[in-house]
Amino acid sequence: MPELPEVEVLRRSLEPHLVGDRIERVEVHNAALREPVDRATLVRHAAGREVEALRRRGKYLLINLSGGRTVVVHLGMSGRLTLVPAGTPPEPHEHVALHLRSGGRLRFRDPRRFGVVFSLPTAALAGDPHFSHLGAEPLEPGFDGAFLARAAAGRRGPVKPFLMDGTVVVGIGNIYATETLFRAGVHPRRSVARLSAARWERVAAEAVQVLSAAIHQGGTTLNDFADGEGNSGYFQVSLGVYGREGEACPACEGPIRRIVQAGRSTFYCPRCQR
DNA sequence: CGGGCGGCCTGGAGGC
DNA sequence: TGCCTCCAGGCCGCCC
């Protein structure tokens with residue numbers, strides 16, 4: 001489900017509710033996520049702590065707590081984090097719940113269990129293996145065509161999986177890589193070795209544009225994404241090619257094609273993307 | 001070393 | 001209705 005825009009929308013929706021509140025109790029109903037949830041450490045780090053800030057790194061949501069601890073949540077493919085009133089009965093696949101002093105709880109629900117929940121000292125974040133290899137934040141200064149061109153130097157593969165490589169740039173998943181290349185007019189199979197500086201500039205600019213627009217529209221809800229208050233996004237109506245195999249290209253009316261790259265669906269317009 | 005692919009899971013959609 | 005296959009927004013480890 002979630003790429004950078006969805007996690008950022010989630011962060012913004014939760015921030016006003018969580019900051020200043022306190023986690024009274026931690027419940028782990030099912031520890032068998034992609035990485036086993038370390039219940040004892042999570043309880044020790046989170047229980048009784050105040051929420052100081054909500055941050056984001058790539059697709060990771062960071063809940064900064066008092067005492068220099070941070071709870072990290074990654075939604076995987078099907079994860080959802082929502083605030084529900086106290087007494088709301090647990091849902092199927094509600095694996096972790098953080099009960100708040102103000103009443104209610106922050107529930108983590110994830111049918112496919114590709115998500116991750118863990119905690120650590122805030123000072124250890126940068127050196128943690130989840131984060132230490134991560135690339136640039138696309139919405140922060142320094143992310144531009146020259147950066148991408150440098151990162152691509154010496155590489156050969158197609159540009160679409162390159163954009164999804166988190167060691168290069170974080171937060172761009174299958175939807176936004178697809179849409180970025182459509183907007184930039186670049187064929188998803190084009191080799192990164194064969195993109196001009198001007199093309200890289202265009203790719204970087206369109207990535208920033210599409211991510212920002214998606215955040216502004218509350219994210220993309222294809223199936224079940226919702227923010228912390230349960231609101232759906234509506235950027236899906238602005239998708240140019242993703243999920244539209246056989247439909248007319250919004251620019252040239254030609255049929256949109258679907259191919260598979262690195263095991264993932266890619267949609268593109270063969271006429272507009274070269 | 002970089003890139004491709006399978007695997008991790010469940011559930012929904014669509015074909016028969 | 002039921003059963004089967006395919007597909008899904010991420011990421012890691014293994015392989016070449």
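Keep in mind that this is a model prediction, so the values were computed, not measured. Chain letters run A, B, ... following the sequence lines, proteins first, then strands; residues in each count from 1.
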Between the main-chain N or O of Pro188(A) and the side-chain N or O of Gln261(A), is there a donor-acceptor pair closer than 3.5 Å?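 Side chain of Gln261(A) to backbone of Pro188(A), a donor-acceptor pair under 3.5 Å: yes, one is there.
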Using a distance-only criterion (donor-acceptor N/O pair, under 3.5 Å, no hydrogens), is the base of dA8(C) paired with the side chain of Arg112(A)?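 Between dA8(C) and Arg112(A), which were checked side chain against base, a qualifying N/O pair under 3.5 Å is present.
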Passes salt bridge (Lys or Arg N to Asp or Glu O under 4.0 Å), Arg155(A) versus Asp165(A)? Steps please. CA-CA 12 Å; Arg155(A) 294 208 189 202; Asp165(A) 183 343; 3.2 Å; yes
Whole-Å distance separating the [atom1] atom of [X] from the [atom2] atom of [N]:
{"X": "Arg244(A)", "N": "dC7(C)", "atom1": "CZ", "atom2": "P", "result": "19 Å"}
{"X": "Arg264(A)", "N": "dG4(B)", "atom1": "CZ", "atom2": "C1'", "result": "13 Å"}
{"X": "Glu91(A)", "N": "dT10(B)", "atom1": "CD", "atom2": "C1'", "result": "15 Å"}
{"X": "Asn30(A)", "N": "dC8(B)", "atom1": "CG", "atom2": "P", "result": "17 Å"}
{"X": "Leu211(A)", "N": "dG9(C)", "atom1": "CG", "atom2": "C1'", "result": "13 Å"}
{"X": "Glu245(A)", "N": "dA8(C)", "atom1": "CD", "atom2": "P", "result": "10 Å"}
{"X": "Arg258(A)", "N": "dG9(C)", "atom1": "CZ", "atom2": "P", "result": "9 Å"}
{"X": "Gln217(A)", "N": "dG9(C)", "atom1": "CD", "atom2": "P", "result": "21 Å"}

So is the aromatic ring of Phe114(A) stacked onto the base of dC8(B), judging by whether the centres are under 5.5 Å apart and the planes are under 30° apart?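 One would call Phe114(A) stacked on the dC8(B) base.
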Determine the interatomic distance between [atom1] on [N] and the same-named atom on [M]; round to the nearest Å.
{"N": "dG7(B)", "M": "dT5(C)", "atom1": "P", "result": "16 Å"}
{"N": "dC7(C)", "M": "dC5(B)", "atom1": "P", "result": "15 Å"}
{"N": "dC14(C)", "M": "dC9(B)", "atom1": "P", "result": "16 Å"}

For dC9(B), what is the paired nucleotide under Watson-Crick or G-U wobble rules, both distances under 3.5 Å?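 Partner of dC9(B): none.
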Under 3.5 Å on both distances, the Watson-Crick or G-U partner of dG9(C):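 Looking at the geometry, dG9(C) pairs with no nucleotide.
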Mind checking Asn223(A) for me? I need base, sugar-phosphate or nothing, with any heavy atom below 4.0 Å counting as a touch.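 Asn223(A): base contact, heavy atoms under 4.0 Å.
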Would you classify Tyr176(A) as touching base, sugar-phosphate or nothing, given that sugar-phosphate means primed atoms plus P, OP1 and OP2, and contacts are heavy atoms under 4.0 Å?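 Nothing, no heavy atom under 4.0 Å.
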If only side-chain N and O atoms count, and only distance matters, is there a donor-acceptor pair under 3.5 Å linking His130(A) with Glu35(A)?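 Per modelled atom types, Glu35(A) and His130(A) side chains form a pair under 3.5 Å.
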Distance-only polar pair, side chains of Thr70(A) and Thr122(A), donor-acceptor under 3.5 Å: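 A pair is found: one side chain offers a donor N or O, the other an acceptor, under 3.5 Å apart.
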Output the distance between atom CD (Glu3(A)) and atom CG (Asn174(A)), rounded to the nearest 0.5 Å.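 The distance works out to 7.0 Å.
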How are the rings of Phe118(A) and Phe131(A) set to each other: parallel, tilted or perpendicular (split at 30° and 60°)?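 Rings of Phe118(A) and Phe131(A): tilted, as their planes differ by 30° to 60°.
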Parallel under 30°, tilted from 30 to 60°, perpendicular over 60°: which one fits the rings of Phe108(A) and His95(A)?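 Rings of Phe108(A) and His95(A): tilted, as their planes differ by 30° to 60°.
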Of the candidate nucleotides [options], which contains the atom at the shortest distance from the side chain of [X]?
{"X": "Arg113(A)", "options": "dG3(B), dC9(B), dG9(C)", "value": "dC9(B)"}
{"X": "Tyr242(A)", "options": "dC11(C), dG11(B), dA8(C)", "value": "dA8(C)"}
{"X": "Pro161(A)", "options": "dC12(C), dG4(B), dG9(C)", "value": "dG4(B)"}
{"X": "Pro111(A)", "options": "dC7(C), dT10(B), dC12(C)", "value": "dT10(B)"}
{"X": "Asn174(A)", "options": "dG11(B), dA8(C), dG9(C)", "value": "dG9(C)"}
{"X": "Arg155(A)", "options": "dC7(C), dG3(B), dC11(C)", "value": "dG3(B)"}
{"X": "Pro158(A)", "options": "dG2(B), dG10(C), dG4(B)", "value": "dG4(B)"}

Under 4.0 Å between a side-chain N/O of [X] and OP1 or OP2 of [N], yes or no?
{"X": "His74(A)", "N": "dC11(C)", "answer": "yes"}
{"X": "Arg156(A)", "N": "dG3(B)", "answer": "no"}
{"X": "His93(A)", "N": "dC9(B)", "answer": "no"}
{"X": "Ser78(A)", "N": "dA8(C)", "answer": "no"}

